[in-house]
Amino acid sequence: MKQPHQHFLAVRLKTTSSQYVASRARDPTFEKLMDKYKNLLKVIAVQDLILANPIKPAVSLDFVSRLSQKLHLNHGAVAFLRKYPHIFHIYHDPMKSQTFCRLTDAAIQISKEEAEVINASLPLVVDRLVRLLSMSRSRMLPLRAILKVGRELGLPDDFEDSVISRNSHLFQLCDAHEPNTHNLKLFDVIPEKFTAAVENWRVEEFCKEGCNVDRAEIQFSFKHGYPPGMRLRKNFRAKVKEWQRLPYVGPYDELSEKKRSSKAGMMAVEKRAVATVHEFLNLTVEKTVEVEKISHFRKWFGFDLNIRDLFLDHPGMFYLSTKGKRHTVFLREAYERGCLIHPNPVYHARRKLLDLVVLGRHVLLTDELRSIASNKKAESLGQYDGESCISD
């Protein structure tokens with residue numbers, strides 16, 4: 001067993017990482033959500049290409065076709081774009097003798113709404129960024145890694161100007177060791193000690209009316225829930241209970257080097273790693289992130305564990321999906337029936353685009369059509385009532 005955390009929370013024999021992924025318990029609710037999300041991500045990729053040209057937000061079909069493989073458009077660009085007529089409009093430009101694609105008015109409106117709510121929530125963006133940098137041992141992170149999770153953190157398109165430059169008392173761009181790369185550093189002027197989301201949850205649980213949980217049982221615990229139908233063996237339950245009682249070092253706390261070298265220290269490193277990725281997911285807009293993206297932060301956060309296996313070792317906290325040729329992790333406690341329990345304005349705006357993706361080629365029932373349909377229904381009911389009176 002390669003990783004220290006597998007010694008005390010092991011539920012498998014020697015297997016390869018791919019076998020471990022394949023053997024995980026599936027959660028139908030998250031799998032259905034990912035079926036929608038994998039198409040949404042392709043739509044967003046094409047949308048970004050269109051909006052990259054602010055003067056004339058359109059892109060030629062030839063250009064999209066050349067990128068089909070990279071964008072995972074399995075049946076070609078044209079078939080994909082025609083699949084979502086409420087998002088993409090295909091038209092021919094006689095002046096250029098080319099066929100282009102632009103966004104529909106509905107898609108443009110959703111894009112504008114998302115940009116507006118992101119700009120309106122810039123103080124929250126700054127807070128997320130300060131917290132993210134505070135989890136780093138050096139209070140510094142690669143700018144490239146931050147930009148990779150820009151959508152997840154709800155960063156605006158002009159992030160370097162609207163967030164970094166306007167908050168120069170908090171952030172500083174530094175040259176990295178590699179050419180043309182930068183690190184984002186947090187100035188040591190933050191007097192506040194941040195409280196992790198899990199610590200707030202513990203307080204809420206302990207203060208609940210009628211709570212009979214012993215403080216010793218909950219002081220180091222994380223919230224757990226499991227997929228429907230997942231059989232939990234007695235041995236697994238015992239190991240989870242043992243792990244819950246392990247001392248906890250928060251994501252904003254420093255773990256001493258002395259503690260790292262001992263067996264107990266290795267276990268503490270693992271639990272702090274779990275606490276860190278748990279807090280990371282709490283900082284995201286939709287409480288989800290691609291595993292490949294978060295893996296860029298692990299050494300900066302002070303641990304060198306296999307992130308994917310870390311998520312798989314804790315199925316009560318995280319759900320890993322492999323749909324869409326990517327590994328995506330969800331914070332299980334943040335969701336109920338495929339939706340965020342505590343949504344935010346950015347999430348609401350993005351769900352509108354997801355609704356159009358799910359709609360596909362189906363007719364969009366606008367307010368005008370609803371009114372016409374309602375009037376026709378009322379007329380038919382009136383006619384029926386009249387016929388009923390005559391028959392009486």
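Positions are given from 1, in the same order as the sequence printed here.
- Leu153 contributes atom CG, which lies 8.0 Å from atom CD1 of Ile146 (distance to the nearest 0.5 angstrom).
- The residues Asp48 and Arg151 are annotated as not salt-bridged, no charged nitrogen and carboxylate oxygen being separated by less than 4.0 angstrom.
- The closest side-chain donor-acceptor pair between Tyr335 and Glu286, if any, does not fall under 3.5 angstrom.
- Closest approach of Ser121 to Val346, counting heavy atoms only: OG-CG2, 4.4 Å.
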Hey, mind stepping through Leu353 and Ile44 against side chain to side chain contact (heavy atoms under 4.5 Å, CB included) and telling me if it holds?
CA-CA 9 Å; Leu353 184 61; Ile44 290 169; 4.2 Å; yes
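- Taking the side chain as every heavy atom from C-beta outward, Glu114 and Arg350 approach each other to under 4.5 Å.
- Glu31 places a side-chain heavy atom less than 4.5 Å from the side chain of Ser321.
- Under the 4.5 Å side-chain heavy-atom criterion for Ile, Leu, Val, Met, Phe, Trp and Tyr, Leu40 and Leu49 are members of the same hydrophobic cluster.
- The distance from atom CE of Met140 to atom CG of Leu173, rounded to the nearest 0.5 Å, is 11.5 Å.
- Under the 4.5 Å side-chain heavy-atom criterion for grouping Ile, Leu, Val, Met, Phe, Trp and Tyr, Leu320 is not connected to Leu41 through any hydrophobic cluster.
- Looking at Arg326 and Glu290, a side-chain N of the basic residue comes within less than 4.0 Å of a carboxylate O on the acidic one, giving a salt bridge.
- Side-chain N or O atoms of Thr104 include none that pairs as donor or acceptor with a backbone N or O of His89 at under 3.5 Å.
- Annotation: the span from Thr284 atom OG1 to Ile294 atom CD1 amounts to 8.5 Å, rounded to 0.5 Å.
- Of all heavy-atom pairs between Ser221 and Trp201, the closest is O-CZ3, 3.7 Å.
- Put simply, the side chain of Ser295 gets close to the backbone of Glu292: a donor and an acceptor are under 3.5 Å apart.
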Using side chain to side chain contact (heavy atoms under 4.5 Å, CB included), reason through Asp304 and Lys299 one step at a time and then give a plain yes or no.
CA-CA 6 Å; Asp304 194 18; Lys299 290 184 180 179; 3.7 Å; yes
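- Between the CE atom in Met135 and the OH atom in Tyr252 there is a gap of 5.0 Å [rounded to 0.5 Å].
- The aromatic rings of Trp243 and Phe222 are tilted relative to each other, their planes meeting at an angle between 30° and 60°.
- Taking both residues in full, the closest heavy atoms of Ser134 and Phe194 are given as OG-CE1, 3.5 Å, listed atom of the first, atom of the second, then distance.
- Few gaps surround NZ on Lys56; more than 12 heavy atoms of other groups in view lie less than 6.0 Å from it.
- Proximity of Ile90 to Leu61: side-chain heavy atoms (C-beta onward) are separated by under 4.5 Å at one or more points.
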Walk me through whether Thr29 and Tyr319 qualify under side chain to side chain contact (heavy atoms under 4.5 Å, CB included).
CA-CA 11 Å; Thr29 303; Tyr319 183 73; over 6 Å; no
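- In terms of heavy-atom proximity, Ser136 sits nearest to Leu141 at CB-CD2, 3.9 Å.
- Taking a 6.0 Å sphere around CG of Asn74, one finds it holds more than 12 heavy atoms contributed by other residues, nucleotides or ligands.
- Between the His362 side chain and the Leu359 main chain, a donor and an acceptor come within less than 3.5 Å of each other.
- In this structure, the side chain of His169 does not engage the main chain of Phe187 through any donor-acceptor pair within 3.5 Å.
- No option in Thr288, Val289, Leu281, Leu340 other than Leu281 meets the side-chain contact (heavy atoms from CB on, under 4.5 Å) test with Leu331.
- Panel note: side chain Arg102, backbone Pro57; no donor-acceptor pair is recorded below 3.5 Å.
- Glu279 meets the salt bridge (Lys or Arg N to Asp or Glu O under 4.0 Å) test with Arg131; sequence neighbours excluded.
- Side-chain atoms of Arg202 and Gln219, non-hydrogen and from C-beta on, never get closer than 4.5 Å to each other.
- Arg308 places no side-chain N or O within 3.5 Å of a backbone atom of Val291 that could act as its donor or acceptor partner.
- Between the side chain of Lys271 and the backbone N or O of Gln244 there is at least one donor-acceptor pair closer than 3.5 Å.
- Sparse packing is recorded around CZ of Arg144, with 12 or fewer heavy atoms of other residues, nucleotides or ligands lying under 6.0 Å away.
- With rounding to the nearest 0.5 Å, the separation of CD1 in Ile164 from CG in Leu143 is 5.5 Å.
- The shortest side-chain heavy-atom distance between Phe301 and Val277 does not fall under the 4.5 Å cut-off.
- Counting only heavy atoms from C-beta outward, the side chains of Phe88 and Leu103 approach each other to under 4.5 Å.
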Criterion side chain to side chain contact (heavy atoms under 4.5 Å, CB included) on Asp27 and Phe330, from CA distance to verdict
CA-CA 11 Å; Asp27 189 322; Phe330 292 87; over 6 Å; no
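- Under the 4.5 Å side-chain heavy-atom criterion for ILVMFWY residues, no single connected hydrophobic cluster contains both Phe100 and Val78.
- The ring-ring contact (aromatic ring centres under 6.0 Å, His included) pairs that include a residue from residues 60-83 are Phe80-Tyr84, where partners are two or more places apart or lie in different chains.
- Contact annotation: the side chain of Phe318 never approaches that of Leu310 to less than 4.5 Å [non-hydrogen atoms, C-beta and beyond].
- The side chain to side chain contact (heavy atoms under 4.5 Å, CB included) search around Gln109 returns none, not counting sequence neighbours.
- Checked against His314 for a side-chain hydrogen bond (donor to acceptor under 3.5 Å, both in side chains), the options His224, Glu270, His278 give a single hit: Glu270.
- Within the 3.5 Å criterion, the main-chain N or O of Val21 finds a donor-acceptor partner in the side chain of Arg24.
- Residues Ile110 and Leu51 fall within the same hydrophobic cluster, defined by Ile, Leu, Val, Met, Phe, Trp and Tyr side chains chained together at heavy-atom separations under 4.5 Å.
- In terms of modelled atom types and a separation under 3.5 Å, the side chain of Arg272 and the main chain of Pro251 share a donor-acceptor contact.
- The minimum heavy-atom distance between Phe303 and Val269, with the atom names listed, is CB-CG1, 4.1 Å.
- Val274 and Val249 fall within the same hydrophobic cluster, where Ile, Leu, Val, Met, Phe, Trp and Tyr residues are linked whenever their side-chain heavy atoms come under 4.5 Å apart, directly or through other members.
- Between Pro156 and Leu122 there is a side-chain heavy-atom pair separated by less than 4.5 Å.
- More than 12 heavy-atom neighbours from other residues, nucleotides or ligands sit within 6.0 angstrom of CZ on Arg26.
- Across all non-hydrogen atoms, the minimal contact from Arg128 to Leu283 is CD-O, 2.9 Å.
- Within a 6.0 Å sphere centred on NZ of Lys38, other residues, nucleotides and ligands contribute more than 12 heavy atoms.
- Annotation: the span from Leu354 atom CG to Asn39 atom CG amounts to 9.5 Å, rounded to 0.5 Å.
- With hydrogens and angles disregarded, a donor-acceptor distance shorter than 3.5 Å links the side chain of Asn167 to the backbone of Val163.
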